[in-house]
Amino acid sequence: MVTDYPFRNTWHFLGFELRFFANQPLPLEILTEQYLYSNSADSAILRDRFDFYVAIVADDGGDTTWNTSLQHCYDGLTGRLQLSYLNGAIQVSVDYRTKTVRASIMERALLYRTALSNWVFTIPLSELLKLHQLYLIHAACLMKGGGGVLFAGRSGSGKTTLSIGLLTAGWQLISDDESFLQDNTEFWAYGGPEKAKVSWTTWRRFGYYLGERERFNGKQIIHLGDYFPGQLRPRQRLSAICFVEQAERIALHAMDPIQAYQNLLSVAFLNSEPQLSRRTNDFLYRLSRTIPAYRLHSNLDFRALDQLLTHASSNSANTD
């Protein structure tokens, strides 16, 4: 019952209303602190409403040697996706029929404060958005000129550093780290995070933009629009996909569609209701057959990278 969750908040994202209910104020404080998306009613039309119920529960005295990997299963009888983290210390249920997410968090799991938003919010939200043919890709998206470029890669591949580096070179940002792609004939990318989690190494590299700061542990969240005003856009049509790899020399190598498809599978969350999983796979296959893909060897020479990518993006856009 809603009355069991007296603490409430409402956010808006991409025309969706996200309603949060919690049994204690702390979960909402953590989610608000870690929320990286634009929180605005950016559309006059409400596309849908999703409800999140988050409860902190007492510890069960279980094993404290936790496994941070995701465990999941789909219950065909109830139509729910069950997600589990930290050996069950965090349990999340995604109900596709009622468009509701329920999360149970043991007290000791609150130590993983910076990851809770991803486990309790981002992954469940990505599942519900699949109902509207919007698919989350673990990728940044930027543009310069006529086309958007998707920079895909796993955590630690340098997407945020790449995003900030290209912003300093005059590019515009659609999303940092996560992009939502619309399943239509034109393959539009919609903005995910407009905030970035910046490591000390990246902060120090861009200190002339971000300001001088003493060394810190972990990552700091910054709103990229505060540092690059006028360079954030809500969406852009894709003209190229780059799979990012760190290297000593900059290089761009074309990939065939099968290679692109296999790489896209590795940066998309596929563990969901079977029909939605099939739709996601079909979408990624069409994307890989339509949008040119490249393997990008990237270093920290952003001027050279800007020139290389601008040329490749312009050529791709001109062939559409």
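In this chain, residues are counted from 1 in sequence order.
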Next item on the list: Mind checking the CG-NZ spacing from L125 to K130? Nearest 0.5 Å is all I need.
Entry: 11.5 Å
Notebook entry, point to check: Given L210, which of I222, T202, D226 fulfils the side chain to side chain contact (heavy atoms under 4.5 Å, CB included) condition?
Noted result: I222
Notebook entry, point to check: Would you say the side chain of L36 lies within less than 4.5 Å of the side chain of I221, judging by non-hydrogen atoms?
Noted result: yes
Next item on the list: Please determine if R235 forms a cation-pi arrangement with W188, meaning its NZ or CZ atom is less than 6.0 Å from the six-membered ring centre and no more than 45° off the ring axis.
Entry: yes
Next item on the list: Say whether, by atom type as modelled, one donor and one acceptor occur between the side chain of D59 and the main chain of M106 under 3.5 angstrom.
Entry: no
Notebook entry, point to check: Below 4.5 Å, heavy atoms only, C-beta onward: do I164 and L224 meet side chain to side chain?
Noted result: yes
Next item on the list: Verify the neighbour count for atom CD of E186: are there more than 12 heavy atoms of other residues, nucleotides or ligands below 6.0 Å?
Entry: yes
Next item on the list: Would you indicate whether the side-chain heavy atoms of L110 and I56 approach each other to under 4.5 Å?
Entry: yes
Item checked: Step-by-step side-chain hydrogen bond (donor to acceptor under 3.5 Å, both in side chains) determination, Y261 to N281 -> CA-CA 9 Å; Y261 172 66; N281 276 282; 3.3 Å; yes
Item checked: Heavy-atom side-chain contact between F269 and L70 under 4.5 Å -> yes
Note to self: Measuring from atom NE2 of H12 to atom CZ of R47, what distance do you get when rounded to the nearest 0.5 angstrom?
What the structure shows: 13.5 Å
Check: Quick check: are there more than 12 heavy atoms from other residues, nucleotides or ligands sitting under 6.0 Å from CG of N184?
Finding: yes
Next item on the list: Working to the nearest 0.5 Å, report the span between CG of L150 and CE of M143.
Entry: 14.0 Å
Note to self: I want to check a possible cation-pi pair here: R102 against Y53, using under 6.0 Å from ring centre and within 45° of the ring axis as the test.
What the structure shows: yes
Note to self: Other residues, nucleotides and ligands only: do more than 12 of their heavy atoms fall within 6.0 Å of NZ on K219?
What the structure shows: no
Notebook entry, point to check: Does some side-chain heavy atom of W203 sit less than 4.5 Å from a side-chain heavy atom of R213?
Noted result: yes
Note to self: Here's a test for you: under ring-ring contact (aromatic ring centres under 6.0 Å, His included), which of Y35, F121, Y37 qualifies with F13?
What the structure shows: Y37
Notebook entry, point to check: With a cut-off of 6.0 Å (strictly less than), are more than 12 heavy atoms of other residues, nucleotides or ligands near OH of Y285?
Noted result: no
Check: Considering only heavy atoms from C-beta outward, does the side chain of V92 approach that of I90 to under 4.5 Å?
Finding: yes
Check: For the residue pair Y209 and F228, is the inter-centroid distance of their aromatic rings smaller than 6.0 Å?
Finding: yes
Check: Would F16 and F50 count as a close aromatic pair, with their ring centres under 6.0 Å?
Finding: yes
Checklist line | Atom pair CG/CD of L86 and Q91 - distance to nearest 0.5 Å | finding: 10.0 Å
Check: Do T160 and D176 pass the side-chain hydrogen bond (donor to acceptor under 3.5 Å, both in side chains) test, and can you show the C-alpha distance, the side-chain angles, and the key distance before you say yes or no?
Finding: CA-CA 6 Å; T160 295; D176 176 73; 3.3 Å; yes
Next item on the list: Verify the neighbour count for atom CZ of R286: are there more than 12 heavy atoms of other residues, nucleotides or ligands below 6.0 Å?
Entry: yes
